[in-house]
Amino acid sequence: MNSTNNTTTAPVITIDGPTASGKGTITRLLAGRLGWRLLDSGALYRLVALAAERRGITLDDLASLEPLAAHLDVEFVAGEPDEEMAIVLEGEDVTSDIRTETCGNGASRVAALPVVRAALLERQRAFAQPPGLVADGRDMGTVVFPRAAVKIFLTASAEERARRRYNQLKDKGLGVTMRSLLAEIAERDTRDQQRSVSPLAPAEDAVMLDSSDLSIDEVVEHIWTLCQVRLY
Ligand code: CDP
């Protein structure tokens, strides 16, 4: 696997970090401000988990998971910058279905499988099209876009991340408790950091940004300033 042969010259900004660190919102706002495309790579893993569950494919059935990930019939439909993208799986809008904690946990499990990661690699790279791409995930700066012009590693304390996720899920009417969320976040962090392929870790040339005490606007502003220096 050659991880450096990006086929286009489109500039890429990568935003990696642990669960609920705010990557999704920051990526969407930044992409909107730049007028660039965005890649929500976590959604791809969530979609594989959802599609596997719907087809009754178990996570040890690698022979079925690999083609499932490689040929997943999915469409990302961009909305306004302040709106979430619609995600369509095999013609069905699954935007909310993939956001449940169950699907997130399933995603974290399928994401630990090398065959699934390999099957999704080129698919992710194909998002890098002019005028540019903002890509959010765990291994955007390390594996998928190692030559990205700007790499951010966004963190926040586990408590702050649980609080943000709690509010996010509550707004969507999904019932959860802070206690269960903290436990799930700890479990997800451990699995993402300890897996053998593409573990969650900052790229050597990533800028570390702790957002625990920053507002969303402050984070976007910080990255925006960095982009002005690195991109132009
Ligand atoms: O929203 P949250 O950060 O919890 O999750 P997500 O970004 O939607 O990703 C769901 C799961 O997919 C994560 O827990 C990771 O295990 C996995 N993932 C990954 O392994 N690599 C990526 N580039 C993106 C997500």
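Order of listing sets the numbers, starting from 1, for every ligand and every atom in it. Just so you know, residue 1 is the first one in the sequence shown, and it goes up from there.
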*Apply the side-chain hydrogen bond (donor to acceptor under 3.5 Å, both in side chains) test between Ser211 and each candidate in His222, Arg164, Arg161; give the one that qualifies.*
Arg164
*Return the protein residues near ligand 1 (heavy atom under 4.0 Å from any of its atoms), ordered by chain and residue number.*
Thr19, Ala20, Lys23, Ser41, Gly42, Tyr45, Arg46, Ala107, Ser108, Ala111, Arg117, Gly137, Arg138, Asp139, Met140, Arg165, Arg188, Asp192, Arg195
*So, the side chain of Thr95 versus the backbone of Ile87: is there a donor-acceptor pair under 3.5 Å, distance only?*
yes
Would you mind writing out the side-chain donor-acceptor pairs for residues 195-208 within the sub-3.5 Å range, not counting sequence neighbours?
| residue | atom | partner | partner atom | Å |
| --- | --- | --- | --- | --- |
| Arg195 | NE | Val197 | O | 3.0 |
| Arg195 | NE | Ser198 | O | 3.1 |
| Arg195 | NH2 | Ser198 | O | 2.8 |
| Ser198 | OG | Asp139 | OD2 | 3.4 |
| Asp205 | OD1 | Lys151 | NZ | 3.1 |
| Asp205 | OD2 | Lys151 | NZ | 3.4 |

*asked:* Checking side-chain polar atoms at under 3.5 Å, does Ser108 have a donor or acceptor matched by the opposite partner on Arg191?
replied: yes
*asked:* For the backbone of Ser157 and the side chain of Glu160, can you confirm whether one donor and one acceptor N or O come within less than 3.5 Å of each other?
replied: no
*Give a yes or no on whether Leu62 and Leu50 share a hydrophobic cluster (residues Ile, Leu, Val, Met, Phe, Trp, Tyr; joining criterion: side-chain heavy atoms under 4.5 Å apart).*
yes
